[in-house]
Protein chains: 2
Amino acid sequence: MKNSETVSKCDCTTIHEDVVNNVKSKMPEEESLIDLADLFKIFGDSTRVRILWALNESEMCVCDISALLNMTQSAISHQLRLLKQSNLVKNRKDGKVVYYSIKDEHVKDIFSQGFLHIREK
Amino acid sequence: MKNSETVSKCDCTTIHEDVVNNVKSKMPEEESLIDLADLFKIFGDSTRVRILWALNESEMCVCDISALLNMTQSAISHQLRLLKQSNLVKNRKDGKVVYYSIKDEHVKDIFSQGFLHIREK
DNA sequence: TGAACGTTTGAACATCTATTCATATATTAA
DNA sequence: TTAATATATGAATAGATGTTCAAACGTTCA
């Protein structure tokens with residue numbers, strides 16, 4: 001639901017109007033922040049994180065990932081589809097086997113930044 | 001649910017056992033990756049992303065954030081609680097007013113890395 | 001004290017999401 | 001062709017999650 005602009009959902013009298021206006025002028029477009037959240041949503045599931053981490057080590061086929069994570073190949077396949085849709089992963093087909101690998105080199109860096117936060121307290 | 005080790009969920013014959021074993025030896029502890037996913041889960045909601053972005057500009061009270069994002073202060077309060085639990089945000093009380101601000105300086109960098117991905121296709 | 005205000009909290013609700021299950025597709029080999 | 005295998009897909013389900021609503025809490029000021 002977008003802000004309909006007609007009815008204000010804020011039920012309080014704004015205290016610091018200057019601050020609010022200043023920050024509002026500096027906020028990126030709503031769509032950008034939604035895109036950003038959608039990206040992090042992909043990283044917000046441990047199965048996908050483990051898949052990405054694994055593929056960061058080595059290209060692997062669906063079957064390999066299933067074995068590595070001890071999960072159904074169907075579950076893995078569903079997640080790989082999401083990862084591919086998000087342009088984080090690519091695949092190539094060799095006979096019956098489909099090999100997946102990391103598509104975006106930022107994945108590593110995103111992980112690193114995340115760990116920096118976790119490590120402190 | 002953890003891997004019960006007793007029953008294998010993988011329903012296929014492993015194709016590249018060497019690769020799987022090699023990658024398995026390089027995977028971080030499962031708990032680390034769960035923590036990482038939990039962190040990104042926090043970033044995976046546009047309301048929280050907008051709150052973090054806003055607080056990155058300036059300290060603000062709950063009321064201000066409600067006005068800025070045109071959302072109920074109750075909804076904002078609920079999200080601020082999550083952000084605080086995740087150590088991303090801290091607050092100080094001044095009379096009736098509670099001011100929130102960024103606690104972790106990595107927030108900015110995490111956003112930056114995310115944008116790097118989005119920007120390319 | 002009591003009213004007003006900013007904030008928090010818990011329950012309810014609707015929506016979203018990850019996995020499972022059954023089945024379909026595609027390729028190889030016999 | 002048929003059988004076997006790797007992968008993909010759609011529907012169903014259980015669980016997680018974001019917002020709303022009503023109410024409580026805590027502080028200030030008449």
Side-chain angles (χ1 to χ4, degrees), chain A residues 1-4 7-16 19-20 34 37-38 40-51 59-86 89-100, chain B residues 1-4 7-16 20 34 37-38 40-51 59-86 89 91-100:
Chain A
M1 230 143 292
K2 289 295 181 66
N3 47 339
S4 49
V7 179
S8 173
K9 291 223 190 158
C10 172
D11 48 357
C12 56
T13 53
T14 304
I15 305 187
H16 311 91
V19 174
V20 172
I34 290 177
D38 284 344
F40 287 127
K41 212 169 286 179
I42 294 292
F43 283 84
D45 175 84
S46 67
T47 297
R48 288 190 291 267
V49 165
R50 289 186 297 160
I51 291 175
E59 174 188 74
M60 289 200 276
C61 69
V62 180
C63 202
D64 291 338
I65 303 175
S66 304
L68 175 69
L69 303 186
N70 195 37
M71 289 178 65
T72 296
Q73 142 297 55
S74 175
I76 299 298
S77 185
H78 278 298
Q79 297 297 1
L80 285 169
R81 181 170 46 80
L82 292 181
L83 291 171
K84 197 182 174 197
Q85 283 171 356
S86 305
V89 145
K90 64 180 188 288
N91 59 10
R92 70 181 174 86
K93 201 167 181 179
D94 184 9
K96 286 178 287 192
V97 183
V98 179
Y99 293 92
Y100 282 83
Chain B
M1 226 142 297
K2 289 295 181 66
N3 47 340
S4 50
V7 179
S8 175
K9 291 221 190 162
C10 171
D11 47 357
C12 55
T13 54
T14 304
I15 304 187
H16 311 90
V20 172
I34 290 176
D38 285 343
F40 288 127
K41 212 170 287 180
I42 295 291
F43 284 84
D45 176 84
S46 68
T47 297
R48 288 190 291 268
V49 164
R50 288 186 297 161
I51 292 175
E59 174 189 74
M60 288 199 276
C61 70
V62 180
C63 203
D64 291 339
I65 303 174
S66 305
L68 174 69
L69 304 186
N70 194 36
M71 289 178 66
T72 296
Q73 55 78 326
S74 175
I76 299 297
S77 184
H78 279 297
Q79 298 297 2
L80 284 169
R81 182 171 46 79
L82 292 181
L83 291 170
K84 198 182 173 198
Q85 284 172 353
S86 305
V89 145
N91 59 10
R92 69 181 176 86
K93 202 167 181 179
D94 183 9
K96 286 177 289 192
V97 183
V98 179
Y99 293 91
Y100 282 84

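Treat the numbers as computed from the prediction; the structure is a model and nothing was measured. Letters A, B, ... are given to chains in the order of the sequence lines, protein chains preceding strands, and every chain is numbered from 1.
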Rounding to an integer number of Å, can you tell me how far [X] [atom1] sits from [N] [atom2]?
| X | N | atom1 | atom2 | value |
| --- | --- | --- | --- | --- |
| B:Ile42 | D:dT17 | CD1 | P | 9 Å |
| B:Gln85 | D:dT17 | CD | C1' | 14 Å |
| A:Met71 | C:dT17 | CE | C1' | 13 Å |
| A:Asp64 | D:dA6 | CG | C1' | 11 Å |
| B:Leu82 | D:dG18 | CG | C1' | 9 Å |
| B:Asp38 | C:dT17 | CG | C1' | 15 Å |
| B:Leu69 | D:dT20 | CG | C1' | 17 Å |
| A:His16 | C:dC5 | NE2 | C1' | 14 Å |

Taking [X] for the side chain and [Y] for the main chain, is one N or O donor matched with an acceptor at less than 3.5 Å?
| X | Y | answer |
| --- | --- | --- |
| B:Asp94 | B:Val97 | no |
| A:Asn91 | A:Val98 | no |
| A:Arg48 | A:Phe43 | no |
| A:Arg50 | B:Ile34 | no |

Quick one: is [X] getting a side-chain N or O under 4.0 Å of the [N] phosphate, OP1 or OP2?
| X | N | answer |
| --- | --- | --- |
| B:Thr72 | D:dT20 | yes |
| A:Gln79 | C:dT17 | no |
| A:Tyr100 | D:dA6 | no |

For the side chain of [X], counting heavy atoms from C-beta on, which of [options] is nearest?
| X | options | result |
| --- | --- | --- |
| B:His78 | C:dA26, C:dG10, D:dG18 | C:dG10 |
| A:Lys96 | D:dT27, C:dT27, D:dG18 | C:dT27 |
| A:Lys41 | C:dT19, C:dT17, C:dT9 | C:dT17 |
| B:Val97 | C:dA18, C:dG6, D:dG18 | C:dG6 |
| A:Thr47 | C:dT8, D:dA8, C:dT19 | C:dT19 |

Pairwise 5' ranking along DNA chain C for A:Arg48 and B:Asn91, keeping only the more 5' one:
B:Asn91
When only distance counts, do a donor and an acceptor, one from the side chain of B:Ser74 and one from the base of D:dC21, lie under 3.5 Å apart?
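Yes, the side chain and the base share a sub-3.5 Å donor-acceptor pair.
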Determine the interplanar angle of the A:His16 and B:Tyr99 rings, folded into 0 to 90°, and report it as parallel if under 30°, tilted if 30 to 60°, perpendicular if over 60°.
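Taking B:Tyr99 first and then A:His16, their aromatic rings sit tilted (interplane angle of 30° to 60°).
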